[in-house]
Amino acid sequence: QAHLVESGGGLVQAGGSLRLSCATSGRTRSTYAMGWFRQGSGLEREFVAAITWNDNATDYAGSVKGRFTISRDNAKNTVYLQMNNLKPEDTGVYYCALKRFEGMIRIGTVYNYWGRGTQVTVSS
């Protein structure tokens with residue numbers, strides 16, 4: 001069993017920045033990738049970014065590419081999402097997730113473990 005805890009959310013004005021953290025514990029040795037997803041009010045959950053464990057390859061949704069950066073700190077067992085130039089449409093609950101098996105890193109349903117989420121609100 002792996003445990004994920006997100007932090008770093010909050011209220012920020014448009015154009016501002018936030019850094020989300022996802023602390024992991026438990027059985028994380030067989031991780032293939034970690035991802036960030038978000039869900040706005042009344043909307044479906046959507047992929048934001050992911051990073052693979054073996055080669056640190058990253059992938060981003062088109063709507064955040066160039067503004068968000070996903071990274072990891074092995075020593076701290078933590079994954080980060082640096083979010084710059086935030087827009088009101090970035091508002092939502094942000095979740096981190098862990099995927100054990102290769103492939104389909106943009107598909108939330110194939111991730112094995114999830115955190116409870118952290119709220120990000122961007123005011124205009």
Close side-chain approach of T118 to Y95, heavy-atom, < 4.5 Å: no
Run the numbers on K99 and T31 for side chain to side chain contact (heavy atoms under 4.5 Å, CB included), then give the verdict. CA-CA 6 Å; K99 186 176 186 303; T31 299; over 6 Å; no
Using atom types as modelled and distance alone, determine if a side-chain donor or acceptor of Q39 lies under 3.5 Å from a backbone N or O of G92. no
Heavy-atom pair of closest approach, residues V48 and L81: CG1-CD2, 4.1 Å
State plainly whether one hydrophobic cluster holds both L11 and V122, where clusters connect Ile, Leu, Val, Met, Phe, Trp and Tyr through side-chain heavy atoms under 4.5 angstrom apart. no
Considering only heavy atoms from C-beta outward, does the side chain of Q1 approach that of R27 to under 4.5 Å? no
How long is the straight-line distance from CE of M83 back to OG1 of T69, given to the nearest 0.5 Å? 11.0 Å
In terms of hydrophobic clusters joined by side-chain contacts under 4.5 Å, are I51 and Y94 together? yes
Do you know the tightest heavy-atom contact between A14 and S124? CB-CA, 4.4 Å
How about T121 and S123: do any of their side-chain heavy atoms sit closer than 4.5 Å? no
What distance separates S41 OG from Q119 CD, expressed to the nearest 0.5 Å? 9.0 Å
Euclidean distance, D59 CG relative to I105 CD1, rounded to 0.5 Å: 4.5 Å
If you group Ile, Leu, Val, Met, Phe, Trp and Tyr by side-chain heavy-atom gaps below 4.5 Å, do Y80 and Y113 land in one group? no
With side chain to side chain contact (heavy atoms under 4.5 Å, CB included) as the criterion, how do Q82 and L20 come out once you've worked through the C-alpha distance, each side chain's angles and the decisive distance to 0.1 Å? CA-CA 6 Å; Q82 177 66 45; L20 305 183; over 6 Å; no
Apply side chain to side chain contact (heavy atoms under 4.5 Å, CB included) to residues F68 and T58 and explain how you reach the verdict. CA-CA 11 Å; F68 291 12; T58 57; over 6 Å; no
So does E46 pair up with R38, basic N to acidic O under 4.0 Å? yes
Does C22 form a side chain to side chain contact (heavy atoms under 4.5 Å, CB included) with T24? I'd like the steps, not just the answer. CA-CA 6 Å; C22 175; T24 65; 4.3 Å; yes
Provide the closest heavy-atom pair for W36 versus I70 in the form atom of the first, atom of the second, distance. CD1-CD1, 3.6 Å
Smallest separation among heavy atoms of M34 and Y111, with atom names: C-CE2, 4.2 Å
Looking at Y32, does the NZ or CZ of R100 lie under 6.0 angstrom from its six-membered ring centre and within 45 degrees of the ring axis? no
I'd like to know if the side chain of S21 and the backbone of S7 have a donor-acceptor N/O pair within less than 3.5 Å. no
Heavy-atom closest pair, residues N85 and S17: N-OG, 4.3 Å
For the hydrophobic clusters of this structure (ILVMFWY residues joined by side-chain heavy atoms under 4.5 Å, transitively), does one cluster hold both L18 and V64? yes
Restricting to ring-ring contact (aromatic ring centres under 6.0 Å, His included), what partner residues turn up for W53, sequence neighbours left out? none
Provide the closest heavy-atom pair for V93 versus G117 in the form atom of the first, atom of the second, distance. CG1-CA, 3.8 Å
Measuring from atom SG of C96 to atom CD of E6, what distance do you get when rounded to the nearest 0.5 angstrom? 4.0 Å
Under 4.5 Å between side-chain heavy atoms, hopping through other hydrophobics if needed: is there a path connecting L4 to W114? no
Say whether, by atom type as modelled, one donor and one acceptor occur between the side chain of T78 and the main chain of K76 under 3.5 angstrom. yes
Rounded to the nearest 0.5 Å, what separates atom OG in S30 from atom CG in L98? 7.5 Å
Geometric class of the F47/F37 ring pair [parallel <30°, tilted 30-60°, perpendicular >60°]: perpendicular
